[in-house]
S.K.: 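First the structure, which I've put down as structure tokens, then a few questions once you've had a look.
Model, not experiment: these values are computed from the prediction. Here is the naming used below: chain letters follow the sequence lines, and residue numbers restart at 1 for every chain.
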2 protein chains.
Amino acid sequence: MSNPSETAFELKLAAFVALSQDELDVMKRFHRKRLTISAGGDLVHQGQSDRVAYILARGWVCSYKILANGARQIVDFQIPGDFLGLRSVLLQTSDHGIEPVTDIEVSEVSAEDLLEVFSEFPRLATAVLWAASRDEAMVVEHLIDLGRRSASERTAHFLLELGARCALVGEGEKAAYKCPLTQYHLADALGLSAVHVNRVLRYLRENFRVMFRDGHVAIGDYERLVDFAEFDPVYLDHQTPLIR
Amino acid sequence: MSNPSETAFELKLAAFVALSQDELDVMKRFHRKRLTISAGGDLVHQGQSDRVAYILARGWVCSYKILANGARQIVDFQIPGDFLGLRSVLLQTSDHGIEPVTDIEVSEVSAEDLLEVFSEFPRLATAVLWAASRDEAMVVEHLIDLGRRSASERTAHFLLELGARCALVGEGEKAAYKCPLTQYHLADALGLSAVHVNRVLRYLRENFRVMFRDGHVAIGDYERLVDFAEFDPVYLDHQTPLIR
DNA sequence: CGGGCGCTTGATAGGCCTCAACGTAAGTGG
DNA sequence: CCACTTACGTTGAGGCCTATCAAGCGCCCG
């Protein structure tokens, strides 16, 4: 419990169930194998079918899929405390890649450990189900971005969501946070070309005083941008623990 | 166990864990409250925050979100055996609506029942987590449709996925299945206008002998279409149960 | 029989992509 | 210290893909 980055995951689950000492103890087994990976390399590559997941302790990663024509779609970004590759463990297949955006630190969790802990401590299984539901809610919102929002609404919505997520884990404020992404990352996440992302960012800068540069995001006209993007963060908010 | 439609859900979970008699018995409590709803009405409307989920026994539904400008994005369709509104129970909020596409039959499951069963039978919690992961994989694939596939690739991919899903639950074959959706449903799912869906369907009909009419889908040049859409059904396949 | 729903087709407009060029800043090696 | 390279960002011109508007058809059902 000494290193806060080791416990971002536990903190997240604690928002759902009040964790007992036993439960906290057993989760230590998740952090036995620690890896450090530098930005750019692949953590999991597309098509790989191993049976391990990871818990992100430090840094940002993105999960993506590459199509035959070379186009890449980023599905989601993960920040400390998030699970990586949980789906590939449960479904025994990985059809997407995971790439560190920054240098990262992860704990490797084997399928056996995971399933064993779940059967001994059912509340943890429920808590992870809750966390997965929260992740899915983000993917759903992202899907709505791509399906029915214009490029500028979509970009605005995305920047607002990132801010809210960072604020929730104490990495900045919702209207001013550090963000290691490039415009190419944004393009691949938003289904746009990098060129068009640049234009959209200019539009947002001129109309809502949105700054995206040098690894830092600042949103001047926050309330107006929330309105413009129809951003509603309910799906992100931590609630009172459902289970005591 | 007499009515097969009551057990589509159990069949689905059994693909992940080998269910004991005790586990089958306890799940009967999920089916105590049975509802029938006719097409068109809302099952859950956007913004509602009740604490019940449903298990779909018969018929098709779609979950969607409506934006301020009136545009609708359909996130996913559910078919018998699928959970409805699991996220809204766990996250205690529902920011999307659920609409029956056909007349449907559902079992209502309260949050208490669900969480109680999970704590008594941890394997069921894990099994539901697995099912939720499978649903998320479909949402992810849908997101890639919207982000990086052209209208025709996207439509083709979607029709192929529907076929594979129907075949898996024994409701038709992958290249010929009953489908109660209108072109408007397709449009709202694919992020297109209904007019353009119509044109795309004509293109697919002329180039891949894809028929979409009268509630029935038939795909003539199946292999060529799979190629065209880069359809890879790994994320749908039932695997050998992970847990015995 | 009228009206609504779903489907079809054409004309036009516009959002976003592609291609291409250029700017800026940081790193690297001689 | 400077030439070179690389990564990232910026801007313009032209064109394709998809939306919008509009009209019309067939069918079912009240």
S.K.: In whole Å, what is the span from the NE2 atom of A/H185 to the C1' atom of D/dA7?
M.R.: 12 Å
S.K.: Looking across every strand, which nucleic acid part, if any, lies under 4.0 Å from A/G191 by heavy atom: base, sugar-phosphate, or nothing?
M.R.: sugar-phosphate
S.K.: Are OP1 or OP2 of D/dT10 and a side-chain N or O of A/N198 less than 4.0 angstrom apart?
M.R.: yes
S.K.: Pick the closest DNA chain D nucleotide for B/R199 and for A/T182 by heavy atoms, then say which residue is nearer the 5' end.
M.R.: A/T182
S.K.: Could you give the CG-to-C1' distance, from A/D188 to D/dC8, as a whole number of Å?
M.R.: 14 Å
S.K.: Base, sugar-phosphate alone, or nothing: which one does B/R202 contact when heavy atoms must sit under 4.0 Å apart?
M.R.: sugar-phosphate
S.K.: Just how far, in rounded Å, is P of C/dC17 from OH of A/Y184?
M.R.: 14 Å
S.K.: In whole Å, what is the span from the CZ atom of B/R148 to the P atom of D/dC17?
M.R.: 16 Å
S.K.: Side-chain N or O of A/Q183 less than 4.0 angstrom from OP1 or OP2 on D/dA7?
M.R.: no
S.K.: Could you give the side-chain donor-acceptor pairs of residues 212-223 of chain A under 3.5 Å, partners two or more places apart or in another chain?
M.R.:
residue: A/D221; atom: OD1; partner: A/R209; partner atom: NE; Å: 2.9
residue: A/D221; atom: OD1; partner: A/R209; partner atom: NH2; Å: 2.6
residue: A/D221; atom: OD2; partner: A/R224; partner atom: NH1; Å: 2.9

S.K.: C/dT8 C1' sits how many Å from B/L201 CG, rounded?
M.R.: 11 Å
S.K.: Take atom CG of B/L186 and atom C1' of C/dT8, then tell me their distance rounded to the nearest Å.
M.R.: 15 Å
S.K.: Working to the nearest 0.5 angstrom, can you tell me the gap between A/L190 CG and A/D145 CG?
M.R.: 7.0 Å
S.K.: Please report the distance, rounded to the nearest Å, between CD in B/E206 and C1' in C/dT8.
M.R.: 12 Å
S.K.: Measuring from the side chain of B/V195 (C-beta onward, heavy atoms only), which nucleotide among D/dT10, D/dT18, C/dT9 has the closest atom?
M.R.: C/dT9
S.K.: Measuring from the side chain of A/S193 (C-beta onward, heavy atoms only), which nucleotide among D/dT20, C/dT18, D/dG9 has the closest atom?
M.R.: C/dT18
S.K.: Return the value, rounded to whole Å, for the distance between atom CZ of B/R213 and atom P of C/dC5.
M.R.: 21 Å
S.K.: Can any side-chain N or O of A/Q73 pair as donor or acceptor with the backbone N or O of A/Y64 at less than 3.5 Å?
M.R.: no
S.K.: Quick test of your reading of the model: are B/R165 and B/D76 salt-bridged, counting only N-O distances below 4.0 Å?
M.R.: yes
S.K.: Heavy atoms only, 4.0 Å cut-off, all strands: where does B/L192 land among base, sugar-phosphate and nothing?
M.R.: sugar-phosphate
S.K.: Under 30°, 30 to 60°, or over 60°: which ring-plane class applies to B/F9 and B/F83, parallel, tilted or perpendicular?
M.R.: perpendicular
S.K.: Is B/R149 side chain donor-acceptor paired with the D/dT18 base, going by distance under 3.5 Å alone?
M.R.: no
